[in-house]
Protein chains: 2
Amino acid sequence: MKNTGSPTLEDVAEAAGVSTATISRALNDPDKVAKETRERIQKAVDRLGYTPNFGGRVLASNRTNTVGAIIPSMANAMFASGLQAFQEVLAESGVTLLVASSGYDTEHEFRQIRSLMTHGADGLLLIGDERPQKTKDFLALRKIPYVISWCYRNTPDGLYVGFDNEKAAYKLTNRVLEFGHRDIAMIAGISKGNDRARNRIEGVSRAVRENTDGARLTKIVEARYRLENGAEAFDEIMSASDLPTAIICGNDVLAAGAIVRARKKGARVPDDVSITGFDDIGLASVVEPGLTTVRVPQIEMGQEAARQLLRLLSNQPATSSIEIETELVMRDSLAAPKALAV
Amino acid sequence: MKNTGSPTLEDVAEAAGVSTATISRALNDPDKVAKETRERIQKAVDRLGYTPNFGGRVLASNRTNTVGAIIPSMANAMFASGLQAFQEVLAESGVTLLVASSGYDTEHEFRQIRSLMTHGADGLLLIGDERPQKTKDFLALRKIPYVISWCYRNTPDGLYVGFDNEKAAYKLTNRVLEFGHRDIAMIAGISKGNDRARNRIEGVSRAVRENTDGARLTKIVEARYRLENGAEAFDEIMSASDLPTAIICGNDVLAAGAIVRARKKGARVPDDVSITGFDDIGLASVVEPGLTTVRVPQIEMGQEAARQLLRLLSNQPATSSIEIETELVMRDSLAAPKALAV
DNA sequence: TTGAAAGCGCTAACAT
DNA sequence: ATGTTAGCGCTTTCAA
């Protein structure tokens, strides 16, 4: 793992017959260098394939133009497009994005935060706000500028650019109740260390609890983020004696897994059982019946998070948290309950 | 964008009452430091929230333990799980992954390669092998270790860990022909600057060309990577006077878009028209009817790519390209053609 | 417009 | 087991 042989400023300086300072200026502040000198330097740079050494540059200038993002998993459509948007906005300002993944593990997230700092991140994008005190202390101690996304809190500490998972789940559940469902089950994401999953459970629970017409939660099953897990959870719910008429799922992947399994088992959706999702990823519009779900404006969220982080980094006028609104997308997987003809 | 105020080795040294060298050792080679000294150092590190400065470290050790990956887009399920697997294998060896995206633009890819080198990447993961000579020259000039994935070539130059897109598409198309289809259309990805998309087109074309029983390609439409684009391409194909009995799609997203549109238009799949995909992402098993497609073992590919790159970086025994085998997944979207009852 | 030289934080060779 | 010290490649005064 050696970087030996990389040409250095000195190599270029020798090749171009000027001093290293001039090369540095030509690269960072071209106006300060005579045009013909600049051209001579450019030739040398191209010929040698020179790229500045990040280490030297950071050391000397104390500036990295790099931010880090730590997402729970790269293999998750839910973060992909938001992150892409985040990156694009950063790129416009010449800022490079470093991405790491935590595997939904707050301990690992802490290590990744340290690693990104080590790699010179000027600021961070974090997903969700549940993390050990240790991590929060570290962020505070080092005064690291960061934005928290994919969730929203109305608190003075911390800059949030995201949506309120509890509220969105609450709204969705009330809609399910309006359709006449009273026996409701939930397939949730794993809530441990994951405030988004937990808040969605809380939103569903609250809506059911506040209902005055006998609504109840027959069962809550937590499942990992894969189609199969949704399918298995569906089986678990439908093999109990206490059957729901609607299953609210913590995300679209679980919902799609449940729908496919329902189809395979001969259960009609929504006639026998309604199923709803969350996120509105591509899957939701493709599955049959179309998935009624909560649309999360990922691109807008990613862009806004980037803008806020850039603000923080340049010490611009006070920024404050931004709540991104979600929206119910009505498709065909939710309908009024029918008497089961079993 | 200042990193000011970050504690340095010297700060820790002072706090712990030892020299900087001892701190450095305690952090990088703990066995060489007395246990109680180590503990004292650890306390100081925690208290100050010290993280090593990457710049200083790189400069002094000429080692970064970082590799870069440039993928066409983060918002693409096709790369996500392979990249996640790639990252996990690297992490086992203490190597950090930096991810950048090229937006399917070879010019932008070149810039990202330079940027990653600047950020201290010891090696690179590149997707596909179509890029300007300029880029190849740069890689060669700087002797950058890299692995090319998501495609495969049997050539001595370049280390490939991937699958043969042409061959896979050829196999799939022959299967379609075996079902009795003779009038075939294709919805392909954008082939410009994208060898994977182009090779898939070539595989389909070759199979059709080699058929001696009147098979022909009624139309090839190139579409961008979104469900809607697949849907639009489907419309374009089905509004022509020359109708196919099967549509081969360059990827699952396009195929799913086409299937959903077909359903909306009242065309039955596969009775009226067969549709096939490529990649076998989650969508493929969820869409109705289930998508007959080509399974790409992404996780295996990502892991193997990481191992090969680590090999390259540690100058281990000669590595050679690895062909990952793809597999036809038969679901229900492909069947024998029926007479159209229009 | 250009050059000379100090020093950024760290590691590693050498000393103790 | 620990300390001393010379750079690593770059930017940035300060001087010419």
Side-chain angles (χ1 to χ4, degrees), chain A residues 1-41 44-45 48-66 114-115 117-122 142, chain B residues 1-41 44-45 48-66 117-122 142:
Chain A
M1 300 231 183
K2 288 279 176 183
N3 244 346
T4 40
S6 298
T8 70
L9 251 202
E10 200 165 359
D11 297 332
V12 183
E14 191 173 352
V18 291
S19 74
T20 59
T22 303
I23 312 277
S24 176
R25 275 190 289 261
L27 263 34
N28 298 309
D29 210 349
D31 295 342
K32 296 195 166 173
V33 173
K35 186 159 170 244
E36 58 176 36
T37 317
R38 225 184 315 153
E39 281 162 0
R40 197 145 36 90
I41 289 171
V45 166
L48 297 172
Y50 169 78
T51 46
N53 176 305
F54 180 73
R57 180 181 292 217
V58 171
L59 218 43
S61 70
N62 203 15
R63 203 182 314 118
T64 69
N65 278 325
T66 296
R114 294 179 64 97
S115 162
M117 293 318 293
T118 291
H119 278 83
D122 287 328
R142 288 289 303 274
Chain B
M1 303 231 179
K2 287 275 173 183
N3 245 346
T4 41
S6 298
T8 70
L9 250 202
E10 200 164 358
D11 297 331
V12 182
E14 190 172 352
V18 292
S19 74
T20 60
T22 302
I23 313 277
S24 176
R25 274 191 290 261
L27 263 35
N28 299 310
D29 211 348
D31 295 340
K32 295 195 169 172
V33 173
K35 189 164 167 240
E36 57 177 38
T37 317
R38 224 186 312 154
E39 282 162 0
R40 198 147 36 92
I41 290 172
V45 166
L48 298 172
Y50 169 79
T51 45
N53 175 304
F54 180 71
R57 177 176 287 194
V58 171
L59 219 43
S61 70
N62 202 17
R63 204 181 313 116
T64 68
N65 279 325
T66 297
M117 294 316 293
T118 289
H119 279 82
D122 287 328
R142 287 289 303 275

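Chain letters run A, B, ... following the sequence lines, proteins first and then strands; every chain starts at 1. Predicted model, so just to flag it, every value in this text is computed and none were measured.
Between Glu39(B) atom CD and dA1(D) atom P there is a gap of 15 Å when expressed in whole angstrom units. For the pair Ile41(B) CD1 and dA1(D) P, the computed distance is 13 Å after rounding to whole Å. Whole-Å rounding puts the Asp31(A) CG to dT1(C) P distance at 9 Å. When the P atom of dT1(C) is taken as reference, atom CG of Asp29(A) falls 11 Å away, rounded to whole Å.
For the atom pair CG (Leu59(B)) and CZ (Phe54(A)), the distance works out to 11.5 Å, reported to the nearest 0.5 Å. Of the inter-residue distances, the one linking Thr118(A) atom OG1 with Asn53(B) atom CG reads 8.5 Å to the nearest 0.5 angstrom. Taking CD1 of Ile23(A) as the start and CZ of Arg40(A) as the end, the distance is 9.0 Å to the nearest 0.5 Å. One distance of note links CG of Asp122(B) with CE of Met117(B); it measures 7.5 Å at 0.5 Å rounding.
Although no hydrogens or angles enter the test, the distance criterion places no donor-acceptor pair under 3.5 Å between the side chain of Arg25(B) and the main chain of Val33(B). The backbone N or O of Thr51(B) sits nowhere less than 3.5 Å from a side-chain atom of Arg114(A) that would complete a donor-acceptor pair.
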Which pairs, protein N/O on one side and nucleotides 7-11 of chain C N/O on the other, fall under 3.5 Å?
residue: dC8(C); atom: O2; partner: Leu59(A); partner atom: O; Å: 3.1
residue: dC8(C); atom: O2; partner: Ala60(A); partner atom: N; Å: 3.2
residue: dG9(C); atom: N2; partner: Gly56(B); partner atom: O; Å: 3.0
residue: dC10(C); atom: OP1; partner: Tyr50(B); partner atom: OH; Å: 2.4
residue: dC10(C); atom: OP1; partner: Asn53(B); partner atom: N; Å: 3.1
residue: dC10(C); atom: OP2; partner: Leu9(B); partner atom: N; Å: 2.3
residue: dT11(C); atom: OP1; partner: Asn28(B); partner atom: ND2; Å: 3.0
residue: dT11(C); atom: OP1; partner: Arg57(B); partner atom: NE; Å: 2.9
residue: dT11(C); atom: OP1; partner: Arg57(B); partner atom: NH2; Å: 3.4
residue: dT11(C); atom: OP2; partner: Ser24(B); partner atom: OG; Å: 2.7

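Using a 4.0 Å cut-off, no side-chain N or O of Ser19(A) falls inside it from OP1 or OP2 of dT2(C).
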